[in-house]
Amino acid sequence: EYEGDRDAEGQRHGFGKAQLPNGDTYEGEYEHGLRSGQGTYRFKNGALYTGNYLENKKHGKGVFFYPDGSKYAGDWVHDQRQGYGEYLYANGDTYTGEWANNKRHGQGTYVYKETGSKYVGCWVNGIQNGPAELIHLNHRFKGRFLNGKPLGRGKFIFDIGCEQHGEYIQPPVQEKEEEEEDEPPLPLEPVWKASEITKLTPWSPQDEE
C-alpha cells in the first residue's frame, strides 16, 4: 500500500507513506520509485531507522534503533555502518569512532559501562589492534594491542605519579604428555613482565614505528 506523490511515469516520487508486504512501514522521500532522501523506516520486529537514503539503501547520516535496545547514530554507506558514528550497546557500553563495513575500524573509543574503563586507540575489523591506551579509574596502560590483547612493550601509568615499564609476552604453549581428545589449546593470556618503575615519561607506542 502506498499513499503519496508520484512522478509522470506513476512511480513513487516526492513524499509518501508505504506499508510493505512484510509488515514494515516507510514514511519519507522517494525518487523515481526508490527510497531516496530523508525517511523513517519501521521494521515489524521493533527496529527503526531514521535518516538518509539513497536508492533504497541507508546512505548518509542516520540513526538505527535495534530491537535489543542498542542504537547507532552516524554515517552509513550502502546500508553499512561506515565513516564516523556512535554505538550504544544493549549492556550500556559505548563506542565512538570510525567504522568500515559495519565494524569498528580505525580510531575509536570504547567505554565499558560496568567498570568505567575505556579503550582509546586503533581497531581493525571490529577488534582492538594497534597503538592504544586502556584507561582505568586510577591508572592506565599505554601500549600496543594485537587481536584484542595487549602485546609487546608498554607501560602502566599510575595517578600517584609513577610508571611501571615492561612488556606483555605470549607464554609458550604447554606440551601435553598424553594426547587427549583433539581439543584446541586454550588461547593463553599475555603475561606482563615488568622491567622498571620510573617517574612520568613521554614514551608512547608510536615512538617505535
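Positions are given from 1, in the same order as the sequence printed here. Remember, predicted model here, so these are calculated numbers, not experimental data.
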What is the distance from atom [atom1] of [X] to atom [atom2] of [Y], rounded to the nearest 0.5 Å?
X      : Y      : atom1 : atom2 : answer
Lys44  : Gln19  : NZ    : CD    : 10.5 Å
Ser36  : Lys57  : OG    : NZ    : 11.5 Å
Asn45  : Asp24  : CG    : CG    : 7.5 Å
Asn102 : Asp79  : CG    : CG    : 8.5 Å
Thr201 : Lys142 : OG1   : NZ    : 8.5 Å
Lys103 : Ile127 : NZ    : CD1   : 7.5 Å

Determine whether the side chains of [X] and [Y] contain a donor N or O and an acceptor N or O closer than 3.5 Å.
X      : Y      : value
His165 : Ser195 : no
Thr94  : Glu86  : no
Thr198 : Lys155 : no

Can the ring centres of [X] and [Y] be said to be less than 6.0 Å apart?
X      : Y      : value
Phe156 : Phe141 : yes
Tyr53  : Tyr26  : yes
Tyr2   : Tyr30  : yes
Tyr112 : Tyr95  : no

Problem set entry | Enclosure of Glu1 CD (heavy-atom neighbours >12, cutoff 6.0 Å) | no
Exercise. Hey, mind stepping through Phe145 and Leu134 against side chain to side chain contact (heavy atoms under 4.5 Å, CB included) and telling me if it holds?
Worked result: CA-CA 10 Å; Phe145 282 71; Leu134 194 53; 4.2 Å; yes
Are the side chains of [Y] and [X] in contact, using a 4.5 Å heavy-atom criterion?
X      : Y      : answer
Gln82  : Asp75  : no
Tyr41  : Glu27  : no
Asn129 : Cys122 : no
Lys58  : Asn52  : no
Phe43  : Phe64  : yes
Tyr87  : Ser70  : yes
His59  : Val77  : yes
Trp99  : Trp123 : no

Which heavy atom of [X] sits nearest a heavy atom of [Y], and at what distance?
X      : Y      : value
Ile135 : Arg140 : CA-CB, 3.8 Å
Ser117 : His136 : OG-ND1, 2.8 Å
Leu151 : Ile169 : CD1-C, 4.3 Å
Gln170 : Pro190 : OE1-CG, 4.1 Å
Arg81  : Tyr66  : NH1-OH, 2.9 Å

Any salt bridge between [X] and [Y], counting N to O under 4.0 Å?
X      : Y      : answer
Lys149 : Glu189 : yes
Glu167 : Arg153 : no
Glu3   : Lys17  : no
Lys113 : Asp93  : no

Problem set entry | Results of side chain to side chain donor-acceptor pair (under 3.5 Å) for Tyr89 - residues two or more places apart only |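 Applying side chain to side chain donor-acceptor pair (under 3.5 Å) to Tyr89 gives Arg104.
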Seminar exercise, completed: Apart from Ile157 itself, its cluster of hydrophobic side chains linked below 4.5 Å comprises Leu200
For this session: Please step through ring pair (Phe, Tyr, Trp, His ring centres under 6.0 Å) for the pair Tyr72 and Phe65, ending with a clear verdict.
Result: CA-CA 7 Å; Tyr72 171 81; Phe65 298 88; over 10 Å; no
For this session: With side chain to side chain contact (heavy atoms under 4.5 Å, CB included) as the test, would you mind laying out the steps for Leu48 and Thr40 before giving the verdict?
Result: CA-CA 7 Å; Leu48 172 102; Thr40 298; 3.6 Å; yes
Exercise. Would a hydrophobic clustering, with Ile, Leu, Val, Met, Phe, Trp and Tyr connected at side-chain separations under 4.5 Å, put Phe158 with Trp192?
Worked result: yes
Problem set entry | Path from Val120 to Tyr168 over hydrophobic side-chain contacts below 4.5 Å |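 The answer is no; the residues belong to distinct hydrophobic clusters.
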For this session: Give every residue pair that meets the side-chain hydrogen bond (donor to acceptor under 3.5 Å, both in side chains) criterion with at least one member in residues 5-14, sequence neighbours excluded.
Result: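 Pairs touching residues 5-14 that pass the test: Asp7-His32.
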For this session: Please confirm whether the backbone N or O of Ala90 pairs with a side-chain atom of Asp68, one donor and one acceptor, at under 3.5 Å?
Result: no
